[in-house]
Amino acid sequence: MDQIGGDLRLVSLRKEFGDFVAVDDIDILIPKGSFFALLGPSGCGKTTTLRMVAGLELPTAGQILIGDHDIAPLKPYNRPVNTVFQSYALFPHLDIYENVAFGLRRRGIKDVSAQVDAMLSLVELDAFARRKPSQLSGGQQQRVALARALINRPEVLLLDEPLGALDLKLRRQMQLELKRIQTEVGITFVHVTHDQEEAMTMADTIAVMNQGKVEQLGSPMDLYENPRTTFVANFLGQSNLLTGEVVERGDFVGVKVWGNQIKIPASRVATSNSKVWVGVRPEKIYISAESNHAHDHLGNQLVGTVLERSYIGVSTQFIVEIPGFLDDEKIIVFEQNVDASEVMAGDRVRISWDPAHTFALDAKQDAYAGDVLAETE
Amino acid sequence: MTNKKWVPYLLLAPGALWLAIFFLTPMFNLGATSLYDPSGSLETGYVMNGHVGNYVDALSEYWPQFLRSFIFAAIATVLALVIAYPLAYAIALKSGKWKNILLVLVIAPFFTSFLLRTLAWTAILGDNSSFVHFLQNIHILPEGGRILATPFAVVMGLTYNFLPFMTLPLFTSLEKVDPRLIEAAGDLYSKPFTGFRRVVLPLSMPGVVAGTLLTFIPASGDYINAQLLGGIKNTTMIGNVIDRAFLERGAYPTAAALSFVLMAAIVILVATYVKRAGTEELV
Ligand SMILES: Nc1ncnc2c1ncn2[C@@H]1O[C@H](COP(=O)(O)OP(=O)(O)O)[C@@H](O)[C@H]1O
Ligand SMILES: [Mg+2]
């Protein structure tokens, strides 16, 4: 067991429950020592994936490699992998000290006190060693669960929505804390969450999962700036998606959107299909009065009318209607509140953005996939 | 708020009244009887003269039956625990949709009277039963050997009769064990048995304590099993002695003294056991 080490690789990993495919042939490479997030909506197969790595669920097919070693056939207690469970699953009959010492004792390590003390101080729970889990707050229990897993120095630490039960403020604090601890111990963290902000804050690399498949894998910036599917474009932040038709290909691809010419760098076009969704994030767009040509140099431009303007403190949000566009193709624009905006509701406006902030996706995909707001409506 | 202070007392009143009439009064009565002059009888009446000698006589004459009762009860309790634990474990954690049906089956014996079920065992274990013939044929039992009227039959009867009292509390505490804790133990390098030993067993201790008490206490005072399944020698339990002293010999002071000794002994045994169980693992 001790010689197993290296990157974690999931190879064509698959899990079926009866007829239902929970995890659909996923391939993921997680470099040793990285903070990796599995991000996706509830029910997309994140927990199932994690449980297969932990050995709590048997894969239907595929391999789980650490370095060159396939750990899929190993029992959970023989894997150099530990889990921070969604509900913590602390042992209620043991005090905090014994909970943390549990893994060491099971491996026959006699003198555990130095390691347990060090681990308790890493998670700042020294004073609570002799309390029972039920006497601790949610945030403290969460840290015990982390300490109980980390003390074993696993090759891979699995965290299943570890912050899900905490309130917002504590969650923010624990996100930074987890990141600090991961940097300090240098162990590979695989963090499951449905909260895109959490994944973006903490992870070096994120795999966005949807219905048992990996939609896209990359750095938070990659995924946000250059989404390759409508699901990713909507699930991570907000996107304007417009109906487009490719009319010209080259270093820049020319797309017609209801008669308006839009340019997109070829590397940001995720499909060879000529029917596309043209995407741009609301905060990448400049909005100005129609007569103001200050942003003409950016390259992509449309003219329309402001339907709604809402001031929300950090920014002002506009909904802009473009003549000739479909009803649900109104463009959302976020403007930073630096100076008072010159644009009011009802004004004719010019909206401009850089082609480098534009992306194109396959029009066969659902424009509302992964749109949390649209799906709950 | 303050004028509602009497509410708890009102709520306690029916229970307290019940205890006073049906528990304290008979206890007091019994206590008094145990100190009567033993030379009296029901017909001639008893004289109250604080005859502590009743206790001395009871103990010196009947200590073997006391000892036997506790040994039989202890063996039956251990056997019931050994049988009931895996049963309760399977029902609580492994039975899935069969859980309710299996639970009903555990309780099913209560639909028939205790006496009838014990009588049925006299037929099953009787000298001419096929079970006994079978044991004789495979030479586990010598030719002409008996099961009925042996300590074995009595202990078996006790075990059988009190098994549900062991199973149900065990089931209740095992059902409360979160299966994720078992997974967590596995994740933290416990092989299945170690996980059981370190997590499930300690968490089921309340059930073990409740089950052993519910078995041991009534089994120590039981006389039906010894009467129906026992013989003349080596099977008489203290319950039978008290039964006969009261109902056949009319020796009320002795019977009352024996009852008090039995009660005291059980209280001491149980208190010691619960104290140990409360402070540390019994296993
Ligand atoms: N043991 C199981 N039996 C049947 N279906 C399951 C089982 N575990 C999970 N599923 C199904 O698999 C899908 C993925 O579940 P899960 O991995 O828990 O999702 P997530 O953690 O992403 O919310 C869900 O639709 C869930 O209902
Ligand atoms: Mg989950």
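A, B, ... follow the sequence lines: proteins, then strands. Residue 1 opens every chain. All figures in this text were calculated on a predicted structure; none of them were measured in a lab.
Counting heavy-atom neighbours within 6.0 Å of A:D68 CG, excluding the residue itself, gives a total of 12 or less. Other residues, nucleotides and ligands contribute at most 12 non-hydrogen atoms within 6.0 Å of the CZ atom of B:F23. Shown here is B:K191, whose NZ atom has no more than 12 heavy atoms of other residues, nucleotides or ligands within 6.0 Å. When the shell of 6.0 Å around OH of B:Y223 is examined, it contains 12 or fewer heavy atoms from other residues, nucleotides or ligands.
Every residue two or more places apart in sequence or in another chain was checked for a ring-ring contact (aromatic ring centres under 6.0 Å, His included) with A:F20, and none qualifies. Applying the side-chain contact (heavy atoms from CB on, under 4.5 Å) rule to B:E183 yields the partners A:R51, A:L56, A:F85, B:R180; only residues at least two apart in sequence or on another chain are considered.
Side chains of B:L188 and A:P76 form no contact here, defined as non-hydrogen atoms less than 4.5 Å apart. Within the 4.5 Å cutoff, the side chain of A:R106 has heavy atoms near those of the B:T194 side chain. Counting only heavy atoms from C-beta outward, the side chains of B:D187 and A:R79 never approach each other to under 4.5 Å.
When each of A:A54, A:P154, A:S87, A:A149 is checked for heavy-atom pairs under 4.5 Å with chain B, A:S87 comes out on top.
With hydrogens and angles left out, the side-chain atoms of B:Y189 and A:N82 include a donor and acceptor closer than 3.5 Å.
Sequence neighbours left out, the pairs with a member in residues 101-150 of chain A that pass ring pair (Phe, Tyr, Trp, His ring centres under 6.0 Å) are A:F91-A:F102.
Inspection of non-hydrogen atoms places no residue of residues 129-139 of chain A under 4.5 Å from chain B.
Here the closest non-hydrogen pair linking B:A184 and A:A89 is CB-O, 3.9 Å.
With a threshold of 4.5 angstrom between heavy atoms, A:L104 does not approach chain B through any atom at all.
In summary, of the residues considered (B:L203, B:D178, B:V199), a side-chain contact (heavy atoms from CB on, under 4.5 Å) with A:P92 occurs for B:L203 alone.
A:H93 places a side-chain N or O within donor-acceptor distance of the main-chain N or O of B:R198, the cut-off being under 3.5 Å.
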